Structures are given as structure tokens and as C-alpha cells.
Amino acid sequence: MLRFLVRRTLGAVVILFLLSVVTFLLFFGMPRDPALLICGKTCTPANIENIHHVLGLDKSIPEQYLTFLHNIVLGSDSFDQGPCPAPCFGYSYHTNEAVWPTLMDRLPTTVSLTLGAAVVFLVAGLATGLLAAWKRGSLIDKTVTAGSMVISSMQIYFLGPLALALLVYQSHLFEKPAYHNLTSDPVSWFSGLLIPWVVLSTIFAAQYTRMARSSMIEQLQEEHVRTARAKGMSRRYVFFRYAWRGSLIPVVTIFGIDLGSLLGGAIITETTFGLPGIGQLAVQSVFFSDLPLLLGVMLFAATMILLFNIIVDTCYAFIDPRVRLS
Amino acid sequence: MTTVTKEPDDSGEGAFLSVRDLHVSFTTEDGVVRAVSGLSFDLERGRTLGIVGESGSGKSVTNLTILGLHNPMFTTIDGEIVLDGQELITARESELEKLRGNKVAMIFQDPLTALSPYYTVGRQIAEPFMKHTGASKKAAWQRAVEMLGKVGIPNPKERAKEYPHQFSGGMRQRAMIAMALVCDPDLLIADEPTTALDVTVQAQILDLLKDLQQEFGSAIIFITHDLGVIADVADDIMVMYAGGAVERGTVHDVLRSPQHPYTWGLLNSMPRLDSDLGAALTPIPGTPPSLLNPPSGCRFHPRCAFQGEVGGARCVDELPLLPPGRGGACHLTAEQKQTIFVEQIKPRLR
């Protein structure tokens, strides 16, 4: 198990490295010069050259990349804005703020949004999916199947504004989405995130319902499930002990991917509700060709996805002894 | 619809298991599949009935129906299944649950997929014992270890803690048998238990089943498409074709003087150790009929080489009856069968 974890972690580091190279190169393939943005309207070639020099853009690309890596690992003191301890992604071209502290500042919003929604959509999705599988072919099953089909084909940028219009602006039943600090004001934290949670988890729950139902039905047709029935175990026991266990594998897989990518920035949700999370930061960094911020967000998101991939693989070992022992 | 095997004189009373005029059909998207139509048979305690037939002849379906393991949503069942005086088709699910794994146990074809990969072998054997006898977890585990020893698994105490994927194919089937026998069932249904195994392992498993039957005195239904295996383990044979029985009798009678052209075909198509290497096998011409739309009259007539002997269109129009006891469901007269078998079939069987 330990060897497995070490191997996977090393693999993840390699992937992160490659990803940083690709992102870095892509940025230099962009037609926009960040110096132009910083320089503003009254720009002279001398100004631009000066900015290039300050940002280090006048050096060769490999050189710039090495500096970038060096700063992440060891930090840097060569920034005009001040010292930049590791992991140093430099300072934003746009806001002039240090990238890593900005990310960490935005993280609680994204984590609150994601984890809150994830608990709801996982529980609700599994529960309705299992119910539908248990009552397969019944009216309940048909309602759940049709309903989850409709909901899961909706999008956050449709359901989100709809919920805002109906529940917040017209009826004033709920508070306007906003992020408040959990420790200093837990009540506002909760009420401010309620609508985003509901919208995000409704759409995800519908997908989990469909997945849980179909993977459960598949498991119920497994031969070992029939064997368990043939030895006299009750339908409920077989359902929850034998079939459920196997049906968890695809659910855990997708849950890991979803959680990882949401934690790396729930871009659409955060943008729809104006929540200042990492997803919003990602959008900003693209708009302003903000290389340091963009690289920071990209690598952070990739780390989340890789991390959850390792967690998922570890979960397999708990679910399936064949994985554990091989 | 006329039934093949209705036996008005033979009520089957007193038999341990008595199946009467069983009809099983599935509703599918393509239509209604008549998987079993008008099947009747009896089984006594301590005897082994071998059911032979091709895939789709209804042999497995029949046995899943006995335990009520069919999917009730898509399946229609008619007829009577009486086990030791208890009617099973109309029995409630809770009553069937008490029978399954307790009075009636099943062994399946592929022990790899038939055992759960998620639980230890010991747990899977102990579970039905706890459920049916109310034994404690500890006692049930001890029983599981004891059963593993009985089916010839070395070091059962340790092996019980292992998972099925850590067992070899033959060991898994032994574990499966241990699981089936843990509550000392009166009826054991073995659905192709040796098909997925190597020949040497197959022989060991068959010997094991025979020994255990001696010890436990169970009745066994042994489903297979391998006549060689049947000859080895069974007392009686029932040959099934397209959802009905076409011939039955003791192993000796059916193998020595088979009464139905389909049985002849089966015997004929068996490879022989003493035949020339490279000599082609003799298949039965044609393919098994679709049970969505089974042939009229005798189900076997489209593939039968001896229709001409019967004369007229009897084979196409009229379903032949399977007499109670020894016999075959065929319109040929006893003399015709005898002549054909002795002159045309037997010389080829050697």
C-alpha cells in the first residue's frame, strides 16, 4: 500500500511538471503581450521594453521557465513587490498581488461551496438511485429516471439564474449568494452559500442518481448476487451487502474526478453566483492574460485532480480486496 | 396447447420433488419466450437426476424456478412444483428464503463469478448457516472451516480467511460446494458445476459430489450438456430439448438403448477417445429452435432425420407424448426405434 502511494505520488509530480511546461509554452504562443495590458493607453516602445525587463520577459523562454520552477520550489527575493516565499508563483500582472496568498485567500470559498454541495449531491444522488434500483420498473423508478434525466441535462448557468430570480430577487425567500467567513459568521456563511449549494447539488445529484441506479442494476445481475439469493439471504441483505459494494466503484471514480475538478475551481458556479473562489480567479487570469496567476490556478487545479485520483485509487483498495492484494 | 409430459395416472405423490406441467415464459422486447413448456418429473431422496440438453433447452430455467430465483417482473410461471409436500410456485418469498440454501441449495457453473469477490470465502459459507440455523458468528465460522475441510481444502482454518480470487478454479468450486452443503440440504441443484473446470479437476469434483451425497443423503439434480459426466454421476437421465423433456429413464437404459432421435444425435456427436484423430465429429444438423416461435408439432422435427419413417405430417402437426417412467417423446413406434437404433445408430457409436 505504501509503495503504491509513493509510486502514485511520484507519477503525479511528473504529470504536474509536464503540465507546467505545456502551460508555460502555451502562454507564449498567445498573440497578446501582457506588457501592453500593463502599459495602458499611453504606451511607448521604451515603456514596453522596460516592462518586459521588469517581468523578465526579455530573457529566453527556457531561462524564464527555470526561474519559474526555481521560485516555486525555493521562493524568490528578486521581485520588486517584496519577498516571495515558496511556493512562489510571482505577482499578478493585473493586481500586483502575490499569487499564492491570493489562491489561499480564495480557497475557503471554493472548498465551502464544493464540499457542502458534494455531501448533499452524493447522499441525495445515491439515495434516489438506490431507491429507483430497488423499485425497478415501478412508478417510483420511472419518475426518478425521467426526473434525473431532465435535471441532469440542465446547466448551472440556466438553473442558477432561474433560482436567483425566483428564490432571491422575486420572493426574497433566500439571501443573495455571497461568501462569509465560516469561523466568524457561520450563519451568514450558511445562508450565503445555500442557493449555490442547492443549484450545484441538484444538477450533480441527478447525475449521481442515474449512475447509482444503472450501476446497481448491473450489479444485481451479477452471478454472485444470484448466488447470495440462492443461499437464502434476504433481498435487502443482498442488495446492500453484495450488490451495493460493487456498484460503489464507478460512483467513487466519478466522485473523485468531480470533487477534484470542483476544488480546482467551480468556474461556472462561482461565476454565476459571483462567489470569489478559485474558479473566478481562473476566469480573471485568462481575461487579463495574467501569466503568473494563470499558471498558479492551473497547477493548483491539476494538483487537486491528481490528488483525488490517488484518493480514489486508495478507496478501490478498501472496496475491492482484489485490488488490495495485487 | 397440448402438453408433452402430462401424466394423469402418475400424480407424483410421495416423491420428494415433483414437478408437474411446468410452463415458464419470459416477456422480452421481441415477444414471449417459452423457455419451459409442459415439463414434469419426479425426484426421490438420495437419487441423482441428470438433466441434459443444449444451451437454451430450459434446463437451467427450470431449476432457477424451483428456488424462485427468476425475475418475477418478466416471468410467467404455470404448473406445480411440490417439494416435500410444499407447493413452491405459489409460496411466498419469505417461505422460499427459508428453503434456499437450507433445504435446497445450488451450485453454479462458474465459481469465479458465482462467489462474491468482496467477502472472504469463510464468511460466504458462514452466512447461510447463521441465517438458517441462528448460529452465532463464531459457531458459523467454525462450521465454515469444518465444511472447507470436508470438501478437501487443505489448511481450511487459514484458507477461510482468504478471498475467492486467491483460490484456484477447482478450489473455488469446492468452496462453492461447501457453501451449498453447509446447512445439509435435502436437494442439491448443480448447474453445470464442472463445465468451467479442467478435466482432472472435473473428475475430482464429481468424486467429491458423489462422496458427499453418500454422507449427506441429498437428492441431486445435475444439469449438464456433457453425457460423459452424466454417465458418471447420475442415477436417472432426463433429456431436454426446446423447453420440454424428450426422453427419460435410468442412466443405463438411456445410454444403452436411447429412444429419441435427439438423444441419438447427442450420443453420436460425442467425441471418442478411440476414434481416428482428425475424424470429423458428427453434429446434429440445424440449430436449436427459437423459443420465441417454437416449431409446431414435435419441437425436434425440423432437425430430425427420421420424420419419413413416421409417415404423413404427424411430426409437424402433433406433439408426441413422453410416457411416464422410461420412454421418449417420439412418434416412431417401439419397433421402428429399435430397428433404427440397432441398424443405423449403434454401429456408429461402437
Side-chain angles (χ1 to χ4, degrees), chain A residues 1 130-142 144-145 213-253 314-326, chain B residues 60 63-64 66-74 93-121 123-133 161-166 172 175-176 179-183 185 188-189 191:
Chain A
M1 195 69 210
L130 291 186
L131 177 72
W134 176 263
K135 301 248 175 206
R136 191 186 173 189
S138 71
L139 190 64
I140 294 180
D141 177 28
K142 282 171 186 152
V144 168
T145 311
R213 177 183 178 274
S214 68
S215 103
M216 198 64 195
I217 283 172
E218 196 177 292
Q219 283 296 313
L220 285 170
Q221 284 156 356
E222 287 280 316
E223 273 190 49
H224 71 84
V225 171
R226 185 180 65 186
T227 307
R229 294 281 285 148
K231 65 186 185 185
M233 310 320 286
S234 69
R235 185 165 177 240
R236 180 191 304 263
Y237 187 90
V238 171
F239 192 87
F240 287 108
R241 295 299 169 105
Y242 281 84
W244 193 54
R245 187 101 176 234
S247 82
L248 275 179
I249 296 217
V251 175
V252 165
T253 309
T314 315
C315 285
Y316 288 161
F318 283 100
I319 297 171
D320 192 336
R322 285 170 297 184
V323 180
R324 199 178 312 158
L325 296 151
S326 61
Chain B
S60 295
N63 290 290
L64 286 175
I66 293 177
L67 278 180
L69 288 173
H70 51 278
N71 186 335
M73 262 173 55
F74 307 109
E93 179 63 21
S94 58
E95 289 169 45
L96 288 174
E97 240 164 51
K98 279 180 210 151
L99 288 179
R100 290 182 200 138
N102 191 14
K103 199 163 182 172
V104 187
M106 264 189 110
I107 304 173
F108 294 100
Q109 175 174 348
D110 186 350
L112 177 59
T113 52
L115 289 167
S116 167
Y118 308 121
Y119 298 111
T120 59
V121 170
R123 174 177 169 162
Q124 294 187 56
I125 299 172
E127 258 176 356
F129 192 70
M130 275 166 77
K131 158 118 188 178
H132 296 302
T133 64
K161 293 178 206 152
E162 292 184 5
Y163 292 89
H165 71 272
Q166 292 166 288
R172 277 181 211 135
M176 189 83 206
M179 194 166 89
L181 296 180
V182 70
C183 291
L188 180 66
I189 300 170
D191 191 347

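Small disclaimer: the values here were computed from a predicted structure and weren't measured. Every chain is numbered from 1 and lettered A, B, ... according to where its sequence line falls, protein lines coming before strand lines.
- In this structure, B:Ile125 CD1 and A:Lys231 NZ are separated by 8.5 Å, a value rounded to the nearest 0.5 Å.
- Geometrically, A:Arg245 engages B:Tyr119 in a cation-pi contact, judged by NZ or CZ lying under 6.0 Å from the ring centre and within 45° of the ring axis.
- With respect to chain A, the highest number of heavy-atom pairs below 4.5 Å among B:Ala114, B:Gly101, B:Pro185, B:Ala180 belongs to B:Ala114.
- B:Thr113 contributes no side-chain N or O that, together with a main-chain N or O of A:Glu223, makes up a donor-acceptor pair within less than 3.5 Å.
- Considering B:Lys131, B:Gln124, B:Glu97, B:Arg100 in turn, B:Lys131 is the only one that fulfils the side-chain contact (heavy atoms from CB on, under 4.5 Å) rule with A:Met233.
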Verdict with reasoning, B:Met179 to A:Thr227, per side chain to side chain contact (heavy atoms under 4.5 Å, CB included): CA-CA 10 Å; B:Met179 194 166 89; A:Thr227 307; 3.2 Å; yes
Checking A:Arg241 against B:Tyr118 for the side chain to side chain contact (heavy atoms under 4.5 Å, CB included) test, could you report, in this order, the C-alpha distance in whole Å, the side-chain angles of both residues, the deciding distance, and whether it holds? CA-CA 9 Å; A:Arg241 295 299 169 105; B:Tyr118 308 121; over 6 Å; no
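- Residue contact with chain A, scored on non-hydrogen atoms closer than 4.5 Å, involves the side chain of B:Leu64 exclusively.
- Taking all atoms of both residues into account, the shortest heavy-atom contact from B:Leu69 to A:Ala230 is CD1-CB, 3.6 Å.
- At a threshold of 4.5 Å between non-hydrogen side-chain atoms, the residues A:His224 and B:Leu115 do not count as touching.
- Between A:Pro321 and B:Pro117 the shortest heavy-atom distance is CG-O, 2.9 Å.
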